[in-house]
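Before I ask anything, let me first share the structure, which is written out below as structure tokens.
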Amino acid sequence: MLYTFEVFPPKPTSPVERVTGCFSALASLQPDFISVTYGAGGGLNGGAITCALAERLKNEFGVRPVAHLPCIGYTREEIIRTADALASRGIRDVLALRGDRTDDRPQEGDFRYAADLIAFLREHWGFHILAACYPETHPEAASPAADIRHLREKVDAGAEHLISQLFFDNTLFYRFLERCDIAGISVPIEAGIMPVVNAKQIRRMVGLCGASLPRKFAAVLARFEDDPKSLRDAGIAYAIDQIVDLAAHGVDGVHLYTMNDPEVARRITDATRSLVQVSA
Ligand code: FAD
């Protein structure tokens, strides 16, 4: 079973050490890879910084990096420049995305969907390509069935590994795996787990991605949202509980949205390391 992490770059106004400071602690937990987001939270500078952080993960911390690469608003030439920069730094793994629609990004570009980017990367570079998937259906999808059809198109275009949007209800993930199976999607699918350690952050994330909040989870939030230490402990315990259940169901992997917090990642890893190994 794969066990992987995600980090995000600092805002353009913040020092890069704010993020690299946590790399050593995350690397010591020996994840299979650490992915670095692009643009999300880092503004349009995300390309250069994502590339630089992925390179540092590889060269200084001995971790396999995965660089996120969204295509929304970018021209073909801009994508070529970024892909060349990644390849020349020896970064072999790319999470190819359409990208979030944000106010600071142009909406038009040369690639409409992630599948278009995947086909382009596949044709011109030898990257190992990953893609995003949505257990609760992407918010813009015409229907769950259409979303799965488009997911299959990403795999057919060359995505060899999928990472899911965060979710808090494992049963929704298991149903999603069944739909993927029926659609003939057979690449590894990692479950995206976000530990809730801050009520404001989780409301923002849930607002953005539309993850449903099971009653058990809503009760944790309602009870502890004004008590940061208890919410942190409860959020970590909830994530561990989800991972135990996922490991017991033999999932392909768990992708931990670390929110650049190595202490949270360490507590979760310490509690689940043996499960992750025995279910491999
Ligand atoms: P797509 O696969 O292109 O799908 C987008 C929508 O279009 C879906 O509703 C899909 O059903 C629909 N669709 C696809 N093909 C067609 C078609 N042919 N006809 C009609 N409809 C179609 N965003 C960032 O900006 N930076 C990041 O670093 C980042 N990292 C992420 C990491 C993970 C693990 C995940 C799950 C998401 C991440 N995102 C990131 C967010 C992501 O970019 C958004 O969710 C975005 O809205 C969709 O991206 P996608 O690659 O899944 O798009």
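We use all heavy atoms of the structure for the numbers below, so side chains are in, but hydrogens, waters and symmetry mates are not. On a predicted model such as this, the values are computed, not experimentally measured, just so you know. Both ligands and their constituent atoms are indexed starting at 1 by order of listing.
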Check against side chain to side chain donor-acceptor pair (under 3.5 Å), His249 and Tyr174
CA-CA 9 Å; His249 279 76; Tyr174 303 139; 3.2 Å; yes
Ligand-residue contact atoms, ligand 1 with Tyr38, heavy atoms, under 4.0 Å
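Answer for ligand 1: 24 (C), 25 (O), 26 (N), 27 (C), 28 (O).
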Short list, please: which atoms of ligand 1 are under 4.0 Å from a heavy atom of Gln165?
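Counting from 1, the qualifying ligand atoms are 36 (C).
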Looking at ligand 1, is there an atom of it that comes within less than 4.0 Å of some heavy atom belonging to Phe111?
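No; Phe111 lies far enough from ligand 1 that no heavy-atom distance drops under 4.0 Å.
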What atoms of ligand 1 come within less than 4.0 Å of a heavy atom belonging to Asp147?
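Counting from 1, the qualifying ligand atoms are 8 (C), 9 (O), 10 (C), 11 (O).
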Just heavy atoms, cut-off under 4.0 Å: does Arg98 contact ligand 1 by side chain, backbone, both, or neither?
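Both parts.
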Of all the atoms in ligand 1, which lie at a distance below 4.0 Å from a heavy atom belonging to Ala141?
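Going through ligand 1 atom by atom, the ones under 4.0 Å from Ala141 are 9 (O), 11 (O).
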Take Leu95 and His161 through the side-chain contact (heavy atoms from CB on, under 4.5 Å) test and state the conclusion after the steps.
CA-CA 9 Å; Leu95 174 53; His161 183 134; over 6 Å; no
Tyr134 versus ligand 1: do any nitrogen or oxygen atoms come within less than 3.5 Å of each other?
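The answer is yes, given that Tyr134 and ligand 1 share an N or O pair closer than 3.5 Å.
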Shortest non-hydrogen contact between Phe168 and Pro214, atoms and distance:
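Looking at all heavy atoms of both residues, the closest pair is O-CG, 3.5 Å.
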Atoms in ligand 1 flagged as close to Thr37, the criterion being non-hydrogen separation under 4.0 Å:
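With Thr37 as reference, the close atoms of ligand 1 come out as 28 (O).
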Considering only heavy atoms, which of His150, Glu190, His255 lies nearest to atom 12 (C) of ligand 1?
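Ranked by closest heavy atom to atom 12 (C) of ligand 1, first place is His150.
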Using a plain distance cutoff, I'd like to know if Gly99 has any nitrogen or oxygen under 3.5 Å from a nitrogen or oxygen of ligand 1.
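There is such a contact, yes.
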Minimum-distance pair of heavy atoms, taken over all atoms of Val187 and Ala159
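Taking Val187 first and Ala159 second, the nearest heavy atoms are CG1-O, 3.8 Å.
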Given the rule in the side chain to side chain donor-acceptor pair (under 3.5 Å) test, do Thr82 and Tyr74 qualify, once you have shown the distances and angles that lead to the verdict?
CA-CA 10 Å; Thr82 307; Tyr74 291 117; over 6 Å; no
Looking only at side chains, do Glu6 and Thr37 share a donor and an acceptor under 3.5 Å apart?
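On atom types as modelled, these side chains do not qualify, holding no pair under 3.5 Å.
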Nearest heavy atom to atom 1 (P) of ligand 1 wins, so pick from Ala114, Pro9, Pro144.
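Result: the heavy atom closest to atom 1 (P) of ligand 1 is in Ala114.
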Indicate if Ile72 and Leu69 have the same hydrophobic cluster label, given that clusters are the connected sets of ILVMFWY residues with side-chain heavy-atom separations under 4.5 angstrom.
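No, it is not one cluster - the side chains of Ile72 and Leu69 are not joined through contacts under 4.5 Å.
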For the 3.5 Å polar cut-off, considering only N or O atoms, please tell me whether Pro70 and ligand 1 meet it.
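There is no such contact.
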For Glu153, take its heavy atoms, then give the atoms of ligand 1 lying under 4.0 Å from any of them.
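Counting from 1, the qualifying ligand atoms are 18 (N).
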Does an N or O from Glu6, backbone or side chain, lie closer than 3.5 Å to an N or O of ligand 1?
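No, Glu6 has no N/O under 3.5 Å of an N/O on ligand 1.
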Distance alone, cut at 3.5 Å: any donor-acceptor contact between the side chains of Asp93 and His128?
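The criterion, which ignores hydrogens and geometry beyond distance, is satisfied for His128 and Asp93.
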At a 4.0 Å threshold, what atoms of ligand 1 neighbour a non-hydrogen atom of Ala132?
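Ligand 1 atoms under the 4.0 Å threshold to Ala132: 35 (C), 36 (C), 52 (O).
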Of the backbone atoms (N, CA, C, O) and the side-chain heavy atoms from C-beta on, which set of Arg101 has a member under 4.0 Å from an atom of ligand 1: side chain, backbone, both, or neither?
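Arg101 to ligand 1: no contact under 4.0 Å from either part.
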Evaluate the criterion side chain to side chain donor-acceptor pair (under 3.5 Å) for residue pair His68 and Ser35; output intermediate values, then yes/no.
CA-CA 7 Å; His68 295 211; Ser35 78; 2.8 Å; yes
Out of Phe8, Tyr113, Tyr257, who is nearest to atom 20 (C) of ligand 1 when you count heavy atoms only?
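The nearest heavy atom belongs to Tyr113.
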Check the pair Glu17, Thr20 against side chain to side chain donor-acceptor pair (under 3.5 Å), reporting the backbone distance first and the verdict last.
CA-CA 5 Å; Glu17 287 70 30; Thr20 52; 5.1 Å; no
Smallest separation among heavy atoms of Phe5 and Leu26, with atom names
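Heavy-atom minimum between the residues: CE1-O, 3.7 Å.
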Atoms of ligand 1, numbered as shown, that sit under 4.0 Å from any heavy atom of Ile163:
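Matching atoms, with element in brackets: 34 (C).
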Closest approach of Ile185 to Ile148 (non-hydrogen atoms, all atoms of both residues):
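Looks like CD1-O, 4.1 Å.
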Is there a nitrogen or oxygen of Lys154 sitting under 3.5 Å from a nitrogen or oxygen of ligand 1?
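Min N/O separation from ligand 1 is below 3.5 Å for Lys154.
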